[in-house]
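A short write-up of the structure that comes next.
A note on names: the letters A, B, ... follow the listed sequences, proteins ahead of strands, and every chain is numbered from 1.
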Number of protein chains: 2
Amino acid sequence: MSEVEPETTEQRILDAAEELFYGRGIQSVGMDAIRTASGVPLKRLYQTFPSKDTLVEAYLRRRDARWLRDLAQYVDTYDSPEQRILAVFDWLFLWFSEQEFRGCGFINSFGELGATSQTVADIAKAHKDAFRRYLADLVAVADAPAWLTDQLVLLAEGAMTTAAISGTPEPARHAKDAARTLLRAAHADVVTAA
Amino acid sequence: MSEVEPETTEQRILDAAEELFYGRGIQSVGMDAIRTASGVPLKRLYQTFPSKDTLVEAYLRRRDARWLRDLAQYVDTYDSPEQRILAVFDWLFLWFSEQEFRGCGFINSFGELGATSQTVADIAKAHKDAFRRYLADLVAVADAPAWLTDQLVLLAEGAMTTAAISGTPEPARHAKDAARTLLRAAHADVVTAA
DNA sequence: ACCGTAGGAGAACGACCGTTTTCGAGAATG
DNA sequence: CATTCTCGAAAACGGTCGTTCTCCTACGGT
């Protein structure tokens, strides 16, 4: 009845793996560290994920889904199309401000393993494509020209890496300022073309 | 007299190390691979660089200096302050178009080792700071407000990671377009304030 | 109470990595 | 020619990693 541990074994493994992989990098984390952090014995660990590669893949896929879901949830608290676009950068600021923030897990994984593992490279690419599609929707709803999407992507990606390396969340503010300017220019462009 | 190999041993090691570290990631490359690629025996290799860590540090420092020197050289072929700013993104396009382009070596190294090695983290931060200072100079000469610098940094960094993961140099064009818009807005801002 | 089985803790194994050492071939010196 | 020294090729060493295996405990069914 009263489940003290509401998590399933798979979740406990993934939680530990995510914290370690994201926090220290994938190659720096051994299966033994995941075993210790999760409390799941090595035998069960390999019954659940038959290899480290599959565990890495599961870590990336789960993080991908949750990241985009959290972003969309935050954006959904705003109504106006323009505010929804700018809210993306507010959410980035909150993310960058987290204690454990260490940059984008997909950029990091790609830099570390993209040349070695086609799977990791594909997942990173798919994640960035999904993010771009999400921004494209926001841009379309705001009646802004499609090229604004590519520019907003650059601001967001640049903010992630700059915030990670510099260690401050400020890049999110600068990105938001730039996004506001570009959004205004995009609207002016539409008006001019009409 | 007629030196068939004009390079010194240290240069041959660094050339091999750079190609391998940048192309495959640092942890994925063993000292034996560097020995094979450089043709320098392991003994001499360790006489020149007493540990892998020092070799990694030398790789990053040399790449840092050369990267900024090459960028400045390209920018110096332009005269007008505005064109010099935009030339940064033209140079990025050329860089992204290289066959061996695998993203920014410092972002990659930071993602892979930034949490483990303070030295790597510091070098990456110093590299990005130097890049920011260079842009700040270009911005100052163009009589644009200082906040434009931060926005241009984001565009450049975002273009690097997006180009790396997507595999096309196009993000450089989008960044240049956005930079043009932001530059115009910045000038308008200065005029308004005056 | 007994046996069979599942499951956990950790040893074991083979591969690899960073680093050091050995060894032998050749050049330099008397 | 004998001796010493240099230096490159590769073996060796200690450690770690991903993965498997062994053993032991504890429990369920009869």
So, using salt bridge (Lys or Arg N to Asp or Glu O under 4.0 Å) as the criterion, who are the partners of [X] when residues are at least two apart?
X	value
Arg66(A)	Glu18(A)
Lys125(B)	Asp129(B)
Asp79(B)	none

Checklist outcome for this item: On a heavy-atom basis, the closest approach of Gly114(B) and Ala121(B) is O-CB, 3.7 Å
Item to check | Test item: Leu152(B) and Val88(B) side chains (from C-beta on) under 4.5 Å apart, heavy atoms | outcome: no
Whole-Å distance separating the [atom1] atom of [X] from the [atom2] atom of [N]:
X	N	atom1	atom2	value
Arg24(B)	dC17(C)	CZ	C1'	15 Å
Leu55(B)	dG18(C)	CG	C1'	12 Å
Leu45(A)	dG10(C)	CG	P	15 Å

Checklist entry - Quick one: does NZ or CZ of Arg173(A) land under 6.0 Å from the six-membered ring centre of Phe89(A), within 45 degrees of the ring axis? => result no
Next on the checklist: Tell me which residues in residues 14-23 of chain B lie within less than 4.0 Å of DNA chain C, going by non-hydrogen atoms.
Outcome noted: none
Item to check | Summary of side chain to side chain donor-acceptor pair (under 3.5 Å) pairs that have at least one residue in residues 105-120 of chain B, sequence neighbours excluded | outcome: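 As it turns out, the side chain to side chain donor-acceptor pair (under 3.5 Å) pairs with a partner in residues 105-120 of chain B, which skip direct neighbours, are Gln118(B)-Asp122(B).
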Next on the checklist: Does the protein touch nucleotides 8-21 of chain D at the base, only the backbone, or not at all? Give it as B, S and - per nucleotide, heavy atoms under 4.0 Å.
Outcome noted: B-B-------SBB-
Next on the checklist: Set out, in order, the CA-CA distance, both residues' side-chain angles and the distance that settles ring-ring contact (aromatic ring centres under 6.0 Å, His included) for Phe106(B) and Trp67(B), then state yes or no.
Outcome noted: CA-CA 11 Å; Phe106(B) 299 87; Trp67(B) 189 89; 7.7 Å; no
